[in-house]
Amino acid sequence: MKKLKSITIGTIAMALLCMSCQSDEKETLNASEKDETARLSNSMVTKLWNLSLNPNYAERYSFETPEGKVSEGWKIEDVFITDAQLESNSANVQVQENPDNGKLYRVFNRVNVPNQGQRTLRIRGISLLPNIQEGLRRAIANYNNAGLKIKFQVTFGNGFTNEDIILYQIENNSLSAIATSPANGNPGRWMEISNGSNRFNINRIEALLTHELGHSLGLRHSDFGGINSCIEAGVVGGPFDQGLRDPAPANTFSVHIPGTDSNFDSPVRSVMMACSKDLNPPIKELTPEDLIALRWLF
Ligand SMILES: [Zn+2]
């Protein structure tokens, strides 16, 4: 079973990287069998599911901050979790929910907000290209107009000090970003965005950054079990993928946000759908379901 899982993950990674090179598939499978130590063990797979992270899309990742500090861990789609966080966060899982694509989920570590008044979170955008800057402004406005106790305040420049969230560019051609999760009552501090994102339509950049800020505040993918939005968007679901993905086990533990359920269109539309930025049109603004979730949390 362990080997089967490792092959599955390797195959999907290959499919995502190279949709057209079918003849190379066998070689890749052999390589991933040899490289099993770098793959997820069964217990890691369970831990990821328990944290509303889909292990089918997990890859090893070295996350480097602008200060040059490197953390080793797993990148699951656009969320990074360190090895230490995976261990500690999955050690005390209590709430049971089935991921049915119709709800919104959160992490266990909440961002603290005051009982009364507001909390301002300062975001620093480091050396951002112009469209990425504008996308961030629009994403922030989405949250600041949502009637939450949390407000975002952004500055741009070349360096940073003690701001709460640091957004910086990495070299990559795609429209993509990687967020981190809250810790110690604070939002996920580090957020990488591909510099190639600047070339994309501003609506899609806004969708991307609205989504990433959701992760930073502690939201997980609303469709993490089946990533149906990615299938709808055509990002996954090709011949490699059919039947190869392991579904979320029935006993997956996830923290469902109360009030977000099938009273809305099914499947629920959310900026936290795994491929919200890839849909046509992209989901760039908080949906009624997102507002229920955010207002319950903050
Ligand atoms: Zn995401």
Criterion side-chain hydrogen bond (donor to acceptor under 3.5 Å, both in side chains) against H211, the qualifying member of H221, E206, K277: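 Of the listed residues H221, E206, K277, the side-chain hydrogen bond (donor to acceptor under 3.5 Å, both in side chains) partner of H211 is H221.
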Could you tell me if the side chain of [Y] sits less than 4.5 Å from the side chain of [X], heavy atoms only?
X: L297; Y: L219; answer: yes
X: E171; Y: N195; answer: yes
X: V271; Y: E285; answer: no
X: I292; Y: I257; answer: no
X: V111; Y: R119; answer: yes
X: L213; Y: I123; answer: yes

Between [X] and [Y], is there a donor-acceptor pair closer than 3.5 Å when you use the side chain of the first and the backbone of the second?
X: Y143; Y: G214; answer: yes
X: E163; Y: T161; answer: yes
X: N201; Y: N203; answer: yes
X: D78; Y: A177; answer: no
X: T46; Y: N42; answer: yes
X: D164; Y: R122; answer: yes
X: S194; Y: S197; answer: no
X: R138; Y: T210; answer: no
X: T180; Y: F80; answer: no

Inter- and intrachain pairs under salt bridge (Lys or Arg N to Asp or Glu O under 4.0 Å), touching residues 186-204, at least two apart: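 The answer is R204-D278.
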Can [Y] be reached from [X] by stepping across I, L, V, M, F, W or Y side chains whose heavy atoms are under 4.5 Å apart?
X: L136; Y: L286; value: yes
X: L175; Y: I170; value: no
X: L129; Y: I126; value: no
X: V113; Y: I165; value: yes
X: F298; Y: L291; value: yes

Identify every side-chain donor-acceptor pair in residues 149-156 under 3.5 Å, counting partners at least two apart or on other chains, and give the distances.
from : atom 1 : to   : atom 2 : distance (Å)
K149 : NZ     : P114 : O      : 3.1
K149 : NZ     : N115 : O      : 2.6
K151 : NZ     : N144 : O      : 2.8
T155 : OG1    : R124 : NH1    : 3.0

Any idea which heavy atoms bring [X] and [Y] closest together, and the distance?
X: L148; Y: Q118; answer: O-NE2, 3.7 Å
X: S229; Y: C275; answer: OG-N, 2.9 Å
X: S216; Y: P182; answer: O-CG, 3.4 Å
X: L53; Y: P55; answer: O-CD, 3.1 Å

Counting only heavy atoms not in N162, do more than 12 fall under 6.0 Å of its CG?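 Result for CG/N162: enclosed.
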Using a cut-off of 6.0 Å, state whether more than 12 heavy atoms not belonging to E67 lie near its atom CD.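 Yes, CD of E67 has more than 12 neighbouring heavy atoms, counting only those of other groups under 6.0 Å.
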For side-chain contact (heavy atoms from CB on, under 4.5 Å), just list the numbers for L209 and L167, CA-CA rounded to whole Å, side-chain angles, deciding distance to a tenth of an Å, and then say yes or no. CA-CA 10 Å; L209 286 169; L167 176 66; 4.0 Å; yes
Just do the side chain to side chain donor-acceptor pair (under 3.5 Å) check on N56 and N54 with the steps written out, would you? CA-CA 5 Å; N56 293 305; N54 191 324; 2.9 Å; yes
Does a salt bridge link E87 with K47, judged by any charged N lying under 4.0 Å from a carboxylate O?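 Yes, this pair counts.
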Should W74 and D83 be marked as a side-chain contact (heavy atoms from CB on, under 4.5 Å) after you check the CA-CA gap, both sets of side-chain angles, and the distance that decides it? CA-CA 7 Å; W74 295 93; D83 292 329; 3.6 Å; yes
Report the C-alpha distance between L51 and I81 in whole Å, list the side-chain angles of each, state the deciding distance to 0.1 Å, and finish with yes or no for side-chain contact (heavy atoms from CB on, under 4.5 Å). CA-CA 10 Å; L51 296 175; I81 185 165; 3.9 Å; yes
Only pairs at least two apart or in different chains count here, so list each ring pair (Phe, Tyr, Trp, His ring centres under 6.0 Å) that has a residue in residues 163-210.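 Counting only pairs at least two positions apart or across chains, the ring pair (Phe, Tyr, Trp, His ring centres under 6.0 Å) contacts touching residues 163-210 are F160-W190.
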From [X] [atom1] over to [Y] [atom2], what is the distance, rounded to the nearest 0.5 angstrom?
X: S71; Y: Q85; atom1: OG; atom2: CD; result: 8.0 Å
X: M272; Y: S276; atom1: CE; atom2: OG; result: 7.0 Å
X: L86; Y: S43; atom1: CG; atom2: OG; result: 8.5 Å
X: L217; Y: N186; atom1: CG; atom2: CG; result: 11.5 Å
X: E72; Y: F63; atom1: CD; atom2: CZ; result: 12.0 Å
X: N198; Y: N173; atom1: CG; atom2: CG; result: 12.0 Å

Hey, mind stepping through R220 and S181 against side chain to side chain donor-acceptor pair (under 3.5 Å) and telling me if it holds? CA-CA 9 Å; R220 284 279 157 81; S181 298; 3.2 Å; yes
Run the side-chain contact (heavy atoms from CB on, under 4.5 Å) test on E134 and I205 for me, step by step, so that the C-alpha distance in whole Å, both residues' side-chain angles and the decisive distance to 0.1 Å come before the verdict. CA-CA 9 Å; E134 179 58 21; I205 304 173; over 6 Å; no
